[in-house]
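Below is one structure; the comments refer to it alone.
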Amino acid sequence: MLCRVRARAFPAPAACKRGGAPGIVILVNEVFHRLEQDLTRIFADYLSARYGWSAPVSFEQPRQPEFGELALPVAFQLARQLRRPPRAIAEEIVREIGAVPGVSALEVAGSGYINLRFDRARYARQLVEGPPPETFPPSDEKIIVEHTNINPNKAAHIGHLRNAVLGDTFVRILRARGRNVEVQNYIDNTGVQVADVVVGFQRLLGKTPEEVAAMAADPSCRFDYFCWDLYARVSAHYAEHPQALAWRQQALEEIERGHGDTARMAAIVSDAVMHAHLATMWRIGVTYDVLPRESEILRLQFWATAFELLRERGAIYYETQGKNAGCWVMPAAAFAGEQEGEDSKVIVRSNGTVTYVGKDIAYQLWKFGLLGKDFYYRPLMVYPDGHRVWVTADTPGDEPAPQFGHGKRVYNVIDSRQSYLQDIVAAGLRALGFEKEAENSIHFAYEMVALSPRCAAELGFDLTAEERRRAFVEVSGRKGLGVKADDLIDKLIEKALEEVASRHPEDPPEKQRAVATQIAVGALRYFMLKYTRNAIIAFDFQEALSFEGETGPYVQYAVVRARSIFRKLEERGEQRPDYAAELDAAALERQLRHEPFWQLLLMASKVDAVLERAILMGEPAHVAKYAFQLAQAFNNFYHEYPILSEPDRERRIFLLWLADYVRSQLERTLGVLGISCPEYM
RNA sequence: GCGCCCGUAGCUCAGCCGGAUAGAGCGGCUGGCUUCGAACCAGCAGGCCGGGGGUUCGAGUCCCUCCGGGCGCGCCA
């Protein structure tokens with residue numbers, strides 16, 4: 001009974017790992033974030049000295065903007081300790097604390113809130129001057145983010161897009177806040193999925209490796225699409241002829257041995273499909289630093305090393321009894337805690353081969369630099385922007401490679417269906433005594449992208465009556481049921497092109513297409529980010545292809561409109577004013593008395609606070625929501641206050657500055673989301 | 001059977017790890033382009049936050065329980 005209670009009180013830290021990185025100290029110069037930090041310290045010191053209050057002080061955002069910029073509910077907490085009404089305590093604090101730098105007023109509200117009003121002119125003056133550049137500490141604390149991880153045996157689909165966009169955006173958020181990040185994309189080029197496609201080429205199509213290589217090199221053949229269909233054919237063939245599964249087994253063994261025609265064909269297929277995936281992801285701005293491949297994990301005997309560690313430290317043992325007799329297993333207690341009825345997990349099969357989890361433990365050890373050995377590397381390709389991606393190799397390369405791995409913190413972007421296996425991987429680290437690394441192995445879990453029944457029907461799939469009733473239908477690579485990533489991107493570009501062409505018919509087609517592509521990428525990335533990670537996306541073309549309302553193009557449009565103000569300004573032969581010289585504290589004070597201006601400015605100044613919160617919560621959707629809300633606020637402002645026709649000189653300069661500032665903050669936020677802004681829309 | 005996730009407006013989803021009067025988009029209805037771009041803006045309608053207990057000064061948020069839905073629990077990956 002006691003055990004049961006303990007297990008509840010200390011649940012296994014699983015999918016939703018929260019909390020910041022205690023070891024990383026960021027020097028924040030961003031105005032809002034810094035002021036909030038300063039105020040937290042001032043109040044914590046005061047409450048500690050005055051009341052002996054030691055719990056953390058945390059501010060909230062008041063429900064109504066008229067209540068001020070920050071609210072402090074601490075009087076409610078103090079009420080119990082002091083046995084006095086919260087309102088009286090709040091009044092006492094406000095009376096006694098005196099002047100607080102950066103704050104123009106403290107007010108007691110409701111039954112005991114303390115509301116803070118910022119000194120608007122002082123706050124804005126810091127923004128006009130431009131806050132000093134942030135100085136992040138040299139980050140030797142590397143964060144590894146592993147994402148995409150598509151089996152290289154068929155074209156990428158929309159589920160893979162969600163993974164890549166989530167992972168890539170989280171990387172951008174981390175980098176925007178000064179973290180040192182390495183992006184890994186694991187390539188399982190020796191697994192059953194590749195073996196199945198090889199079986200298809202060999203047994204169903206009678207192809208030689210040379211013929212497959214020719215197909216892969218033929219630009220008129222969409223090789224990844226061809227494999228998509230072939231994989232579905234092979235799966236169907238297995239279903240009809242179960243004895244054909246022997247082909248898979250044989251292929252798998254030959255691929256693992258690494259020589260012969262089958263292994264050669266597997267390398268041709270997986271390399272070609274991997275390049276197709278890299279090209280697809282590049283279309284939406286997703287890149288990688290290094291591609292660790294399973295073939296090198298095998299050739300370089302990573303598993304043998306990991307196995308010795310696990311065996312020596314007693315993390316696994318040789319089972320002699322029961323159904324797992326002859327296997328090396330991890331005891332259930334290692335990963336299931338006190339739960340009853342869990343089976344131990346097989347790590348090495350009775351035939352001596354290692355399971356997926358075993359290989360993943362070895363890979364995870366390498367990421368932390370705990371394995372004691374490393375890959376060799378060679379440069380694979382250079383992206384059009386000059387960034388280089390490396391791939392693992394089993395022999396030394398000609399060029400010296402950067403040091404990969406040795407992360408202090410590792411995010412594995414993997415869908416939530418694999419949380420059980422991710423728990424076992426972390427348990428493996430813990431069982432080896434790497435408690436801290438287990439703690440820093442974060443399963444960045446997200447729910448799947450499924451298809452709405454309508455969407456599946458549009459794709460020409462026959463659904464059962466039961467499937468039609470459901471809210472969504474699961475994508476299935478084996479059945480070939482899904483929306484291919486490139487098809488969706490193409491559709492988005494075509495639709496955007498129609499819109500662009502109708503609005504700017506005079507523009508050259510290639511220019512129109514470039515703009516349409518930016519809009520399409522914005523729509524796609526925003527669509528994948530607007531949902532929080534644990535929402536299942538029931539994919540629907542109508543929603544995904546929308547450019548209105550809460551979408552990427554809506555945010556892009558706000559930036560385009562803002563820019564057009566300054567383009568018009570130039571066309572009239574005017575210069576952008578020298579804001580810092582023109583807008584002194586008194587002028588800012590006068591203009592910011594107007595509430596809508598202050599609210600917009602305040603909101604736009606919170607980008608860094610939003611990014612930090614997204615890191616803390618592990619939730620890129622927060623940044624997407626913020627971008628939309630800021631764009632919405634700007635569109636409202638844009639509509640309400642014509643700037644260029646503003647007669648009052650001071651107000652006109654102020655409005656120009658405000659529009660310019662909001663635009664720059666919006667562009668920066670969009671950049672973090674991997675979305676660029678077209679010249680026009 | 002066990003574990004995890006979800007249930008908030010007609011639909012799709014937010015709600016900052018307990019705070020003040022419940023938020024947005026889409027869809028519906030009504031208005032707004034001779035203005036810095038209407039991929040926009042304004043307004044209206046639409047909610048016992050699945051049900052019930054509990055903890056708390058305070059619960060959509062935490063705990064328990066029930067109902068409904070999803071995903072896992074292989075010597076597959």
Side-chain angles (χ1 to χ4, degrees), chain A residues 8 11-12 14-16 18-19 60-64 67 71 73 76-77 79-80 85-86 109-113 115 151 188 191-193 294 323-324 326-329 336 339-343 345-351 353 355-357 359-360 415-421 423 445 447-448 450 470-472 474 496 499-500 503 519 530-532 534-538 540 542-543 546-551 553-554 556-558 560-569 609-610 613-614 616-617 619 621-622 625 628-629 632 635-636 638-646 655 659 680-681:
Chain A
R8 281 206 199 96
C16 235
R18 288 183 174 178
E60 303 173 357
Q61 198 174 320
R63 174 146 208 84
Q64 306 281 337
F67 292 162
F76 296 109
Q77 288 134 26
R80 192 176 320 166
S111 50
Y113 284 96
N115 290 335
N151 273 304
D188 181 6
V192 283
Q193 294 212 19
E294 181 145 291
K323 62 175 183 175
N324 292 335
C327 300
W328 288 85
V329 302
Q339 282 166 41
E340 301 282 323
E342 281 285 334
D343 284 339
K345 178 72 191 170
V346 171
I347 304 297
V348 180
R349 303 184 188 100
S350 53
N351 68 3
T353 58
T355 60
Y356 167 72
V357 190
K359 281 181 276 196
D360 218 16
D415 84 74
S416 59
R417 285 173 291 192
Q418 300 207 38
S419 56
Y420 169 71
L421 294 169
D423 286 350
E447 284 289 348
M448 63 180 162
R470 297 173 63 150
F472 55 83
E474 204 169 334
E499 300 282 342
V500 171
R503 285 156 216 244
I519 293 168
K530 71 193 276 193
Y531 301 92
T532 51
N534 52 17
I536 296 172
I537 299 179
D540 189 274
Q542 199 180 314
E543 284 171 37
S546 169
F547 298 151
E548 287 165 16
E550 194 194 341
T551 65
Y554 176 95
Q556 291 172 312
Y557 188 60
V560 168
R561 286 171 124 190
R563 284 184 188 162
S564 73
I565 298 170
F566 296 94
R567 201 185 50 240
K568 268 285 188 314
L569 191 72
V610 168
R613 188 165 69 89
L616 185 72
M617 308 290 280
E619 188 49 89
H622 290 328
K625 289 279 176 193
F628 173 67
Q629 283 162 6
Q632 208 174 25
N635 275 335
N636 186 333
Y638 176 91
H639 186 261
E640 195 77 16
Y641 302 96
I643 297 173
L644 295 180
S645 55
E646 170 59 48
L655 291 175
Y680 61 80
M681 285 181 73

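What you see is a predicted model, and the numbers here were worked out from it, not measured in a lab. Just so you know, these numbers use all the heavy atoms, side chains as well, and skip hydrogens, waters and symmetry mates.
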Do Lys345(A) and Tyr420(A) make a side-chain contact, defined as non-hydrogen atoms from C-beta onward lying under 4.5 Å apart?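 Side chain of Lys345(A) against side chain of Tyr420(A), heavy atoms only: contact under 4.5 Å found.
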
With a 4.5 Å heavy-atom cut-off, do Arg567(A) and Arg563(A) have their side chains touching?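 SC-SC contact between Arg567(A) and Arg563(A) ruled out.
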
Base-pairing mate for [N] - Watson-Crick or G-U, with both contacts under 3.5 Å:
| N | result |
| --- | --- |
| rG27(B) | none |
| rC76(B) | none |
| rC4(B) | rG70(B) |
| rC16(B) | none |
| rC62(B) | rG54(B) |

[atom1] spacing across the pair [N] / [M], given as an integer number of angstrom:
| N | M | atom1 | result |
| --- | --- | --- | --- |
| rG27(B) | rC67(B) | C1' | 30 Å |
| rG69(B) | rC64(B) | P | 22 Å |
| rA22(B) | rU12(B) | P | 24 Å |
| rC11(B) | rG72(B) | C1' | 29 Å |
| rG1(B) | rG18(B) | P | 33 Å |
| rG46(B) | rC2(B) | P | 44 Å |
| rC5(B) | rA42(B) | C1' | 39 Å |
| rC16(B) | rG23(B) | C1' | 13 Å |

Report the C-alpha separation of Asn635(A) and Tyr554(A) in whole Å, then their side-chain angles, then the decisive distance to 0.1 Å, and conclude whether the side-chain hydrogen bond (donor to acceptor under 3.5 Å, both in side chains) test is met. CA-CA 10 Å; Asn635(A) 275 335; Tyr554(A) 176 95; 3.1 Å; yes

Starting at [atom1] of [X] and ending at [atom2] of [N], how long is that distance when rounded to a whole Å?
| X | N | atom1 | atom2 | value |
| --- | --- | --- | --- | --- |
| Ile537(A) | rC5(B) | CD1 | C1' | 15 Å |
| Glu60(A) | rG58(B) | CD | P | 16 Å |
| Leu616(A) | rC17(B) | CG | C1' | 9 Å |
| Arg63(A) | rG60(B) | CZ | C1' | 11 Å |
| Gln77(A) | rG18(B) | CD | C1' | 10 Å |
| Asp540(A) | rU12(B) | CG | C1' | 10 Å |
| Phe76(A) | rU56(B) | CZ | C1' | 13 Å |

In B/S/- notation, 5' to 3', how is nucleotides 27-39 of chain B contacted by protein heavy atoms closer than 4.0 Å? -----B---BBSB

Base-contact (B) and sugar-phosphate-only (S) positions in nucleotides 71-77 of chain B, heavy-atom cut-off under 4.0 Å, - elsewhere: SSS-BSB

Assuming nearest nucleotide by heavy-atom distance, tell me which of Glu550(A) and Arg80(A) is located more 5' along RNA chain B.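 By nearest-heavy-atom nucleotide position, the 5'-most residue is Glu550(A).
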
Select base, sugar-phosphate, or nothing to describe what [X] touches, counting heavy atoms under 4.0 Å on all strands.
| X | result |
| --- | --- |
| Ala79(A) | nothing |
| Phe67(A) | base |
| Ala71(A) | base |
| Asp360(A) | nothing |

Given side-chain contact (heavy atoms from CB on, under 4.5 Å), test Ile519(A) with Val500(A) step by step and report yes or no. CA-CA 10 Å; Ile519(A) 293 168; Val500(A) 171; 3.9 Å; yes

Got a second to check how far Tyr531(A)'s OH is from Ile536(A)'s CD1, nearest 0.5 Å?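 Going from the OH atom of Tyr531(A) to the CD1 atom of Ile536(A) covers 12.0 Å.
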
Any donor-acceptor pair under 3.5 Å from Ser350(A) side chain to Cys327(A) backbone: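 Pair absent, no side-chain N/O of Ser350(A) close to backbone of Cys327(A).
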
Determine: side-chain N/O of Asn534(A) to OP1/OP2 of rC6(B), distance under 4.0 Å, yes or no.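 So the side-chain polar atoms of Asn534(A) do come within 4.0 Å of the phosphate oxygens OP1 or OP2 of rC6(B), strictly under.
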
Give a yes/no answer on whether the side chain of Asn636(A) brings an N or O atom under 4.0 Å of OP1 or OP2 in rA42(B).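 Asn636(A) to rA42(B) OP1/OP2: side-chain N or O found under 4.0 Å.
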
With side-chain contact (heavy atoms from CB on, under 4.5 Å) as the criterion, how do Tyr356(A) and Gln418(A) come out once you've worked through the C-alpha distance, each side chain's angles and the decisive distance to 0.1 Å? CA-CA 12 Å; Tyr356(A) 167 72; Gln418(A) 300 207 38; 3.3 Å; yes

Intermediate values then yes/no, salt bridge (charged side-chain N to carboxylate O under 4.0 Å, His left out), Lys323(A) and Asp343(A): CA-CA 10 Å; Lys323(A) 62 175 183 175; Asp343(A) 284 339; 3.0 Å; yes

Give a yes or no on whether Glu60(A) atom CD has more than 12 heavy-atom contacts from other residues, nucleotides or ligands under 6.0 Å away.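 Yes.
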
Are Arg613(A) and Glu619(A) within salt-bridge range, i.e. N to O under 4.0 Å?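 Not counted as a salt bridge, because no side-chain N and carboxylate O are separated by less than 4.0 Å.
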
Lys530(A) bridged to Glu543(A) by N-O distance under 4.0 Å: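 Salt bridge flag = no for Glu543(A) with Lys530(A).
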
